[in-house]
Amino acid sequence: MRTSLKTFLGVAAAGSLMFSLAACSPADNASSAPATSSSSSSSAAAEKPKPMASIPALTGTSTAVKLDASFAKALETLKLTPGTVGTAALTDGSLIFPITGGKVDYYDPAKDYRPFVQGLISHAGSGFSLTAGDTKVELTNFTIDPGHLQALR
């Protein structure tokens with residue numbers, strides 16, 4: 001019974017984290033639609049500015065996600081041990097995932113066009129794990145949509 005409870009709590013914690021990351025992951029591979037003040041789709045297309053930079057084949061080093069202190073405390077309370085999968089790293093309270101691809105457009109942040117970074121950033125072959133006893137859950141292959149990162153407002 002105790003092992004089942006730990007397993008359930010581990011999966012619940014992982015699900016909770018995945019729910020919080022859902023804002024970072026699009027439902028499909030289309031880039032996010034920009035927010036505009038126009039109600040007409042034809043006028044919205046006419047208002048879309050040209051990006052300052054467009055990177056059709058994104059390369060780079062990594063994306064770092066700082067773990068919230070309350071999340072880390074919850075893992076400790078649930079006796080879940082975080083780990084990494086593939087080429088990810090866990091350093092100074094941040095999960096670091098190598099960028100493996102994607103595409104982004106960057107618009108002038110001083111202008112009103114939002115979000116000013118649009119596209120997708122892929123992190124294939126890496127992720128993190130949560131372990132409790134003999135149970136291990138791996139969360140991998142994150143795709144981040146920078147246009148939907150609510151914490152960066």
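When all heavy atoms of Tyr113 and Pro49 are compared, the closest pair comes out as CD1-CD, 3.4 Å. The nearest pair of heavy atoms linking Pro109 to Arg114 is O-NH2, 2.7 Å.
At a threshold of 4.5 Å between non-hydrogen side-chain atoms, the residues Phe128 and Pro82 do not count as touching.
Residue pairs meeting the side-chain hydrogen bond (donor to acceptor under 3.5 Å, both in side chains) criterion with at least one member in residues 49-66, sequence neighbours excluded: Ser54-Asp105, Thr63-His123. For residues 67-78, the salt bridge (charged side-chain N to carboxylate O under 4.0 Å, His left out) pairs, not counting sequence neighbours, are Lys73-Glu76.
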Hey, can you pull the donor-acceptor pairs under 3.5 Å for the side chains in residues 85-101, sequence neighbours left out?
residue : atom : partner : partner atom : Å
Thr100  : OG1  : Ser122  : O            : 3.3
Thr100  : OG1  : Ala124  : N            : 2.9

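Thr84 OG1 to Glu138 CD: the interatomic distance, rounded to the nearest 0.5 Å, is 9.5 Å. For the atom pair CG (Leu75) and OG (Ser70), the distance works out to 10.0 Å, reported to the nearest 0.5 Å.
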**Prompt:** Given the rule in the side chain to side chain contact (heavy atoms under 4.5 Å, CB included) test, do Phe116 and Lys111 qualify, once you have shown the distances and angles that lead to the verdict?
**Reply:** CA-CA 9 Å; Phe116 64 88; Lys111 305 285 184 183; over 6 Å; no
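Of the candidates Thr143, Leu58, Val104, Leu120 forms a side-chain contact (heavy atoms from CB on, under 4.5 Å) with just one, namely Thr143.
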